[in-house]
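Labels below follow one simple rule: chain letters A, B, ... track the order of the sequence lines, proteins then strands, and each chain is numbered from 1. Remember, it's a predicted structure, so these values are computed and weren't measured experimentally.
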Number of protein chains: 2
Amino acid sequence: MGVPVPKGSTLDPARTRAAIIQAVTPVLYERGLDGVGVAELCAATGVSKETLYRHFGSKEGLIEAVLRERSERVTRWLRAAAEAAGPDPADQLAAVFDALASWHAEPGFRGCAIVNAATQHHGDPEMGVAASHLDRRLALLTEIAIRAGAADPETLARQWLILVSGCTTVADQHPGTPHAARLARQAALTLLQAARVPSAP
Amino acid sequence: MGVPVPKGSTLDPARTRAAIIQAVTPVLYERGLDGVGVAELCAATGVSKETLYRHFGSKEGLIEAVLRERSERVTRWLRAAAEAAGPDPADQLAAVFDALASWHAEPGFRGCAIVNAATQHHGDPEMGVAASHLDRRLALLTEIAIRAGAADPETLARQWLILVSGCTTVADQHPGTPHAARLARQAALTLLQAARVPSAP
DNA sequence: GTGTTATCGTACCGATCGGTTCGATCTCTG
DNA sequence: CAGAGATCGAACCGATCGGTACGATAACAC
């Protein structure tokens, strides 16, 4: 593909590994974990089967590596979106859902890759990656809920997490609900307002 | 299995068809659409390949029939749970999430079968079935929102739909959030309270 | 130069896939 | 009794699956 891996040991093996992950990620996302064979994944990367198996051991190992990398990248992206909104927690919360909205509008959007993978292979390692992925999202939301002065930030953050997951599924699967992230954003802000500690006036 | 289909034309072909759907549904749900082969589906039903293919034409045809039946059954079940809660819309809303909670607690719970199917086979017919499934859920929630006197019942119902989808995904994939349906129920009721038409006191 | 390492391309493996075919068997209809 | 359907069980089909093996090649370290 774009940068075919040279024949010799010109590049760091780590570089080859990263290139494989990068090339294979969109194919697995678009076609589904079981919808594409190893041969085709090799073709998409421009890498031979032997190289792929030396780096990842198995198709499952490759999938796990892809999902872990994706989880980290998405988490960084969402946190950056929140922090770019300034110090106000309500602004950060709104920014999270705005980021989701722009993601949902991307061509080829197909739901959350990690959640989808856990749905397709309901066992190890996909379920573990999905659980830690949701943990990371929950951690970000909890920080915001705490700084927002919520009476019960843990509960509020979990409700926001449900909105995040729900609007991503609905955006993917229910054309009858356009702008799901916008609806979720409004709901999240309403919940925040209702959860503020009633401070003495 | 339990009631093996007799050799001759003893039973209505429709009866055989229904028996196949019933026997195959849990297997497809537990193992995933691509995780089980046609031979195994036949074994689970006690039916030969020829019979299965005469009734459904292909594995995809069988899957579609299974999903349609499941969607209708789930929809009836959820509506019955709402109506059993009495006339008060808030009670009905709470009952919907209570029903989800008991579903999530069932052993072998693995998320919504229809949503999962659409995730696994992101095309026809699964996406169409999923879209109409969410339509049905939205219709029920919209009725409740209207009777509850919401200022914007369409929007409120769509937010509830997001909570329904989200808590089902989280209940399946995030062990760190137990009782997701209870959290969603509380959020739904908060949104309802905030959305009531401010009537003159 | 020599050896090591990483790679490619291809051929190959056994297993399984979805799907078809066929003769035998059974029951209901007329 | 005779025919029509519906079914079973097993054999069979080509294709594809994940994974392995091998000889050739090219870049590095020494």
Side-chain angles (χ1 to χ4, degrees), chain A residues 1-24 27-28 31-67 117 120-121 123-126, chain B residues 1-24 27-28 31-67 117 120-121 123-126:
Chain A
M1 287 285 143
V3 181
V5 178
K7 280 290 175 65
S9 58
T10 296
L11 289 180
D12 213 344
R15 216 60 74 97
T16 301
R17 189 186 152 97
I20 295 174
I21 290 178
Q22 189 188 3
V24 137
V27 183
L28 284 173
R31 310 262 301 268
L33 305 186
D34 296 327
V36 54
V38 173
E40 196 172 347
L41 293 175
C42 290
T45 320
V47 129
S48 69
K49 274 190 170 189
E50 181 170 355
T51 298
L52 194 150
Y53 277 97
R54 183 158 28 78
H55 278 289
F56 301 99
S58 67
K59 188 186 182 184
E60 270 291 322
L62 171 62
I63 289 172
E64 178 174 357
V66 165
L67 294 178
Q120 292 168 67
H121 291 184
D124 290 326
E126 287 85 354
Chain B
M1 285 287 146
V3 181
V5 178
K7 280 289 174 68
S9 58
T10 297
L11 289 181
D12 214 343
R15 215 62 72 94
T16 300
R17 190 186 150 96
I20 295 175
I21 291 178
Q22 189 189 2
V24 137
V27 182
L28 284 172
R31 311 263 299 269
L33 305 187
D34 296 327
V36 55
V38 174
E40 196 172 349
L41 294 176
C42 290
T45 320
V47 129
S48 70
K49 273 190 169 188
E50 182 169 357
T51 298
L52 194 150
Y53 276 97
R54 183 157 27 78
H55 279 289
F56 301 100
S58 67
K59 187 185 183 184
E60 270 291 322
L62 171 62
I63 289 171
E64 178 174 359
V66 164
L67 294 178
Q120 293 168 68
H121 291 184
D124 289 325
E126 287 85 355

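- For B/Leu41 and C/dG19, the CG to P distance is 11 Å, given to the nearest whole Å.
- Going from atom NZ of A/Lys59 over to atom CD1 of A/Ile63 covers 5.5 Å, rounded to the nearest 0.5 Å.
- In this model, the phosphate group of C/dT7 is approached by a side-chain N or O of A/Arg54 to a distance below 4.0 Å at OP1 or OP2.
- Atom-to-atom, CZ of B/Arg17 to C1' of D/dT7 comes out at 17 Å; the value is rounded to the nearest Å.
- Taking atom CG on B/Leu33 and atom P on C/dG18, their separation rounds to 11 Å, with Å as the unit.
- Between A/Ser58 and D/dG18, a side-chain N or O to OP1/OP2 separation shorter than 4.0 Å is absent.
- As a whole-Å value, the separation of B/Tyr53 OH from C/dC22 C1' is 17 Å.
- At a cut-off of 3.5 angstrom, counting only N and O atoms as typed in the model, there is no donor on one side facing an acceptor on the other between the side-chain of B/Lys59 and the base of C/dG18.
- Rounded to whole Å, atom C1' of C/dT21 lies 12 Å from atom NZ of B/Lys49.
- For the side chain to side chain contact (heavy atoms under 4.5 Å, CB included) with B/Val66, the qualifying choice from B/Val24, B/Leu41, B/Val27 is B/Val24, the only one to do so.
- A/Leu52 has its CG atom 14 Å from the C1' atom of C/dA6, to the nearest Å.
- Toward the 5′ end of DNA chain D lies the nearest nucleotide of A/Gly37, the other residue of the pair A/Glu50 and A/Gly37 mapping further downstream.
- Note that CD1 of A/Ile20 and CZ of A/Arg15 are 14.0 Å apart. Values are rounded to the nearest 0.5 Å.
- Between the CZ atom of A/Arg54 and the OG atom of A/Ser48 there is a distance of 7.5 Å, given to the nearest 0.5 Å.
- Distance, A/Glu40 CD to D/dG19 C1': 17 Å, rounded to whole Å.
- For B/Val47, counting side-chain heavy atoms from C-beta on, the closest listed nucleotide (D/dC8, C/dC8, C/dT20) is D/dC8.
- The line from CG of A/Asp124 to CD of A/Glu60 is 9.5 Å long, rounded to the nearest 0.5 Å.
- One interatomic measurement links the two molecules: CZ of B/Arg15 to P of C/dC28, which rounds to 13 Å at whole-angstrom precision.
- Phosphate proximity of C/dT10 to A/Ser48: absent, as no side-chain N or O sits under 4.0 Å from OP1 or OP2.
- Mapping A/Gly57 and B/Thr51 onto DNA chain D by nearest heavy atom places B/Thr51 closer to the 5' end of the strand.
- Residue B/His55 places no side-chain N or O under 4.0 Å from the OP1 or OP2 atom of D/dA6.
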